Amino acid sequence: VPAQSRKDIVAWVGSHVLPHEGAVRSWLRRWTGRAQDIDDVIQEAYSRLAALDSVSHIASGRAYLFQTTRNIVLEQVRRSKIVRIDNVTDLGSLNIIDEAPPVERVVGGARELAQVEKLIEQLPLACKRVFVLRRIHGESQREIARMFGISESAVEKQAVRGLKLILKALEGDNLPTESKEDASEHAPDRARNR
Amino acid sequence: VSMHQTAHEIAEQASKWATQIDSGLVDPDTHPDLRSWLDANPRHRGALLRAEAALSFIDRGRALAGIVPKPKP
């Protein structure tokens, strides 16, 4: 497999993996019940992605993230890093994660735009101004600094703050990626609820 | 030392690097401080990928909205 450019991998992760992180986190929370471990598991999953020279073999970013995080948790359980899992008997039911590329789950353009708008909308005002000028209008940090009469490092500070808040928001499971019904498809306890 | 960093601390550092790469301040292939940060812990690479992916995701929203930005520096 030929190596992909760094930029292509970043773009693929941005459109195929990141929008599903919230769903994976909430599934992990239901399964393992420990927030601290979940941050570690998610970060480890991205480390594994970052070690790849190419992602062109991955049919579904969403399925990849579910499978990778599941594997990481199971490895940690084996090494007894996670001593308590709420219901270990549920491990078997994790097989319901479907591995087929979910065509209808590829986030459509309109939905993706709605997600982005929602992410930006929730930023604090000063932060949002800088973020919109930089990202939506493509202004340079220098130009934004000039417009507001502030230093470039002050602009950078707001840009970093905006990115941090957006990453935080992406951890949540309230983005309009899919209907609630779709989301419950991955719940380990689905069988019990029907 | 880096092994004791929390996921949250790593994400903060990654946000800063991603912003500096985006603004053209830092060349991701050559900047010595960034290179040594990336080499210090595999988690750093993952966190940077995630932070840059978030910026890319936002930029796709712009493309979808049909807004043509100024060329970036």
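Proteins get letters first, then strands, A, B, ... in listed order; numbering begins at 1 in each. Everything numeric in this text was worked out from a predicted model, so none of it was measured.
Within the 4.5 angstrom heavy-atom criterion, only side-chain atoms of B/I21, from C-beta onward, approach chain A. Of the atoms belonging to A/E152, not a single heavy atom falls under 4.5 Å from chain B. With a 4.5 angstrom heavy-atom cutoff, A/R6 touches chain B only via side-chain atoms. Contact of B/S15 with chain A is made through backbone and side chain together, with heavy-atom distances under 4.5 Å. Proximity to chain B is limited to the side chain of A/I166, based on heavy atoms less than 4.5 angstrom apart.
Note on A/K7, A/E44, A/K157: by heavy-atom pairs under 4.5 Å with chain B, the leading option is A/E44. Contact count against chain B (heavy-atom pairs under 4.5 Å) is highest for A/E156 among A/R48, A/R142, A/E156. With chain A as the partner, the residue from B/A51, B/A47, B/A14, B/A11 showing the most heavy-atom pairs under 4.5 Å is B/A51.
Counting only heavy atoms from C-beta outward, the side chains of A/V55 and A/L52 approach each other to under 4.5 Å. Side-chain contact between B/R50 and A/E21 is present, with at least one heavy-atom pair separated by less than 4.5 Å. Side-chain atoms of B/F57 and A/V17, non-hydrogen and from C-beta on, never get closer than 4.5 Å to each other.
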For side-chain hydrogen bond (donor to acceptor under 3.5 Å, both in side chains), just list the numbers for A/Q67 and A/R70, CA-CA rounded to whole Å, side-chain angles, deciding distance to a tenth of an Å, and then say yes or no. CA-CA 5 Å; A/Q67 286 158 11; A/R70 175 188 57 182; 5.5 Å; no
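A side-chain N or O of B/Q5 and one of B/H44 form a donor-acceptor pair less than 3.5 Å apart.
Only one option out of A/K164, A/R25, A/R29 pairs with A/E171 in a salt bridge (charged side-chain N to carboxylate O under 4.0 Å, His left out); it is A/R25.
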